[in-house]
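Letters A, B, ... mirror the listed sequences (proteins, then strands); counts begin at 1.
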Number of protein chains: 2
Amino acid sequence: MIRNTRQRAAVVAVFDTLDGFHSAQEVHARMRAAGDSIGLSTVYRAVQALVDDGELDSIRTDNGEAIYRRCSTTHHHHLVCRSCGRTVEVEGPTVERWADRVAGEHGFVDVKHTLEIFGTCAACHRVVNAAEPAAADS
Amino acid sequence: MIRNTRQRAAVVAVFDTLDGFHSAQEVHARMRAAGDSIGLSTVYRAVQALVDDGELDSIRTDNGEAIYRRCSTTHHHHLVCRSCGRTVEVEGPTVERWADRVAGEHGFVDVKHTLEIFGTCAACHRVVNAAEPAAADS
DNA sequence: ACCCAGTCGACAACAGTTCTCACATGGCGC
DNA sequence: GCGCCATGTGAGAACTGTTGTCGACTGGGT
């Protein structure tokens, strides 16, 4: 039997107030910061249960950390500055359709995708150029 | 300067004889099994160097392990079956253009992106359906 | 041959995740 | 409402994959 505990509800509540992907550790830190006493293990367990239930979506970051998000939130992607980390959320119906179509053509069902765009934002690009005025290396 | 060492060549050689994705640890084990004395750190370093050079392609498995494979240099994306791991390489000029355009609109330069499509391939979907003929759970 | 920067490899350190186990508690029968 | 007990909790240990450290080694330019 699955019990309805304070902690599990709290984890759900956190994801309700957040948009986008967040790691289990981040959620745990947030709850602790908010004065909510909860164990890290419990966050992991709750998050996994939620993924099992299909209420959360999980992917892995580049460094192997698992991040989760509420499924129902609007689907979007991230445009991340590789220098300062600034993130812009972008939507792309074009991409969604393309991904679904391509997957379908290969007989795949229940399709999800992850797309992250990395670049250097205008501000950081200026800085880099200033630091290396004439990049005539080697 | 990048030196041409026995170990680095050996790692490349291993990937030449393998198809599909393989973890650094697996490559290390394989080399050791083949009587090739090499350190785990060295395998990691070699593999990362190869990824930097664009000679290997890396993604993360579901449990956070990094896996690599020899990769054609042409830019493409992966359509991965979340059940059996079967991978199809797909290309999408549409997506490339979309990503560049969106990034440009936000002032980002030197843009790269990662896109992975996950789904259940036709074969695995049949198996799942067979295993749960009438999903009247609870 | 000599030099030395780049490399190697055993091992330690580290981060994220999972496991353990004693204790707490939700929910059911009463 | 009360008690039982299966289930959940939480602190910390353990585990796993990866990265860092550091003394020894070596490829290759001179």
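Residue A:Gln7 places at least one side-chain N or O under 4.0 Å from the OP1 or OP2 atom of D:dG10. The phosphate of D:dG10 has neither OP1 nor OP2 within less than 4.0 Å of any side-chain N or O from A:Arg32. Using a 4.0 Å cut-off, some side-chain N or O of B:Thr42 falls inside it from OP1 or OP2 of C:dG9.
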Between protein and nucleic acid, restricted to nucleotides 22-25 of chain D and to nitrogen or oxygen atoms under 3.5 Å apart, what atom pairs and distances do you find?
none

Produce the list of close N/O pairs, under 3.5 Å, pairing protein atoms with atoms of nucleotides 12-15 of chain D; give distances to one decimal.
{"residue": "D:dG12", "atom": "O6", "partner": "A:Ser41", "partner atom": "OG", "Å": "2.8"}

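With sequence neighbours excluded, no residue forms a salt bridge (Lys or Arg N to Asp or Glu O under 4.0 Å) with B:Asp52. A:Asp100 is linked by a side chain to side chain donor-acceptor pair (under 3.5 Å) to nothing, counting only residues two or more places apart in sequence or in another chain. For A:Glu65, the side chain to side chain donor-acceptor pair (under 3.5 Å) partners at least two apart in sequence or on another chain are A:Ser23. In terms of the ring pair (Phe, Tyr, Trp, His ring centres under 6.0 Å) criterion, residue partners of A:His113 (sequence neighbours excluded) are, by chain and number, A:His75, A:His77. The salt bridge (Lys or Arg N to Asp or Glu O under 4.0 Å) check on B:Arg30 picks up B:Glu26, with sequence neighbours excluded. Annotation: salt bridge (Lys or Arg N to Asp or Glu O under 4.0 Å) contacts of A:Arg101 (sequence neighbours excluded): A:Glu105.
Separating the CG atom in A:Leu56 from the CZ atom in A:Arg69 is a distance of 10.0 Å, to the nearest 0.5 Å. If you take CG on B:Leu50 and CZ on B:Phe15, they are separated by 7.5 Å, rounding to the nearest 0.5 Å. For the atom pair B:Asp57 CG and B:Tyr68 OH, the distance stands at 11.0 Å (nearest 0.5 Å).
Separating the CZ atom of A:Arg6 from the P atom of D:dT9 is a distance of 9 Å, rounded to the nearest angstrom. Atom CE of B:Met31 is separated from atom P of C:dC8 by 10 Å (rounded to the nearest Å). As rounded to whole Å, 11 Å separates atom P of C:dT17 from atom CG of B:Asn63. One interatomic measurement links the two molecules: NE2 of B:His28 to P of C:dC8, which rounds to 13 Å at whole-angstrom precision. Atom pair B:Glu26:CD and D:dG17:P shows a separation of 12 Å (rounding to whole Å applied). Between the OH atom of B:Tyr44 and the C1' atom of D:dT18 there is a distance of 5 Å, rounded to whole Å. C:dA15 atom P lies 10 Å from atom CD of A:Gln25, rounded to whole Å. Rounded to whole Å, the distance from CZ on A:Arg8 to C1' on D:dG10 is 14 Å.
Using a 4.0 Å heavy-atom criterion, one finds that B:Ser37 contacts the sugar-phosphate atoms exclusively.
Positionally, the nearest nucleotide of DNA chain D for B:Leu40 lies more toward the 5' end than for the other of B:Thr5 and B:Leu40.
Applying the under-4.5 Å side-chain rule to Ile, Leu, Val, Met, Phe, Trp and Tyr, the cluster around A:Ile59 extends to A:Phe21, A:Ile67.
Comparing the end axes of the helix from C:dA1-D:dT30 to C:dC30-D:dG1, each fitted to five base pairs by superposing C1' atoms of four pairs onto the next four, gives an inter-axis angle of 30° (nearest 10 degrees).
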Can you give each donor-acceptor pair under 3.5 Å made by side-chain atoms of residues 38-47 of chain A, sequence neighbours left out, with the distance rounded to 0.1 Å?
{"residue": "A:Tyr44", "atom": "OH", "partner": "A:Gln25", "partner atom": "NE2", "Å": "3.2"}

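Residue pairs meeting the salt bridge (Lys or Arg N to Asp or Glu O under 4.0 Å) criterion with at least one member in residues 32-43 of chain B, sequence neighbours excluded, are B:Arg6-B:Asp36.
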